[in-house]
Engineer: 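Starting off with a structure, shown below.
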Amino acid sequence: RRAYRARRTLILKYENDGIDESEDIAALLRESERVMRMKRPMINFDLQLKEVKGGHATPLLAPPLDIATRAEDLLGAQTARERLLYMEADETVDALLKWLEE
């Protein structure tokens, strides 16, 4: 708790994740933030908890990029994502990219 010093943190919580611990992790990081503020009150921390569609394995469902590209070329992007079941993995990537660009 006292060693966590990241100034920006994104926690992704999936809608259908029966073993999710995002809220517990966020609580621990908020506690860590309070400890760090006692030592360095001028440091700002940014902890974001974002809920996205999917389940615990969603980040693992995306096919390799070359296969996804071929499928999208043949079927169209939307159809390929639906049929190969990686639409929610794409939403995870979008959430991460948006957070990184802030």
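Because the structure is predicted, anything quoted here is derived from the model rather than measured. These numbers come from the heavy atoms of this one structure, side chains and all, not from hydrogens, waters or symmetry mates.
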Engineer: Under the criterion side-chain contact (heavy atoms from CB on, under 4.5 Å), I'd like the reasoning laid out for Glu88 against Arg81: C-alpha separation, chi angles, the key distance, then a yes or no.
Structural biologist: CA-CA 9 Å; Glu88 292 169 346; Arg81 289 179 183 129; over 6 Å; no

Engineer: Do you know the tightest heavy-atom contact between Asp20 and Glu23?
Structural biologist: OD2-N, 4.3 Å

Engineer: Listing request: all salt bridge (Lys or Arg N to Asp or Glu O under 4.0 Å) pairs with a residue in residues 91-102, at least two apart in sequence or in separate chains.
Structural biologist: Arg8-Glu102

Engineer: Would Leu96 and Leu12 satisfy side-chain contact (heavy atoms from CB on, under 4.5 Å), going step by step from the backbone distance to the final call?
Structural biologist: CA-CA 9 Å; Leu96 287 168; Leu12 292 177; 4.1 Å; yes

Engineer: Quick check for you: to the nearest 0.5 Å, what is the distance between Thr58 atom OG1 and Lys53 atom NZ?
Structural biologist: 11.5 Å

Engineer: Just checking Glu82: does its CD atom have more than 12 heavy atoms from other residues, nucleotides or ligands closer to it than 6.0 angstrom?
Structural biologist: yes

Engineer: Does any non-hydrogen side-chain atom of Leu29 lie less than 4.5 Å from one of Phe45?
Structural biologist: no

Engineer: Please report the C-alpha distance between Trp99 and Lys50 in whole Å, then the side-chain angles of each, then the deciding distance to 0.1 Å, and finally whether the side-chain contact (heavy atoms from CB on, under 4.5 Å) criterion is met.
Structural biologist: CA-CA 10 Å; Trp99 179 79; Lys50 176 154 180 66; over 6 Å; no

Engineer: Please round to the nearest 0.5 Å and tell me the distance separating atom CD1 of Ile25 and atom NZ of Lys13.
Structural biologist: 11.0 Å

Engineer: Output the distance between atom CD (Glu21) and atom CD1 (Ile11), rounded to the nearest 0.5 Å.
Structural biologist: 11.5 Å

Engineer: Search all heavy atoms of Ala95 against all heavy atoms of Val52 and return the closest pair with its distance.
Structural biologist: CB-CG1, 4.1 Å

Engineer: Find the distance between CZ (Arg30) and OG1 (Thr9) and round it off to the nearest 0.5 Å.
Structural biologist: 11.0 Å

Engineer: Could you pull out every donor-acceptor pair under 3.5 Å between side chains of residues 66-77 and any protein atom, sequence neighbours left out?
Structural biologist:
{"residue": "Thr69", "atom": "OG1", "partner": "Leu65", "partner atom": "O", "Å": "2.8"}
{"residue": "Glu72", "atom": "OE2", "partner": "Tyr86", "partner atom": "OH", "Å": "2.5"}

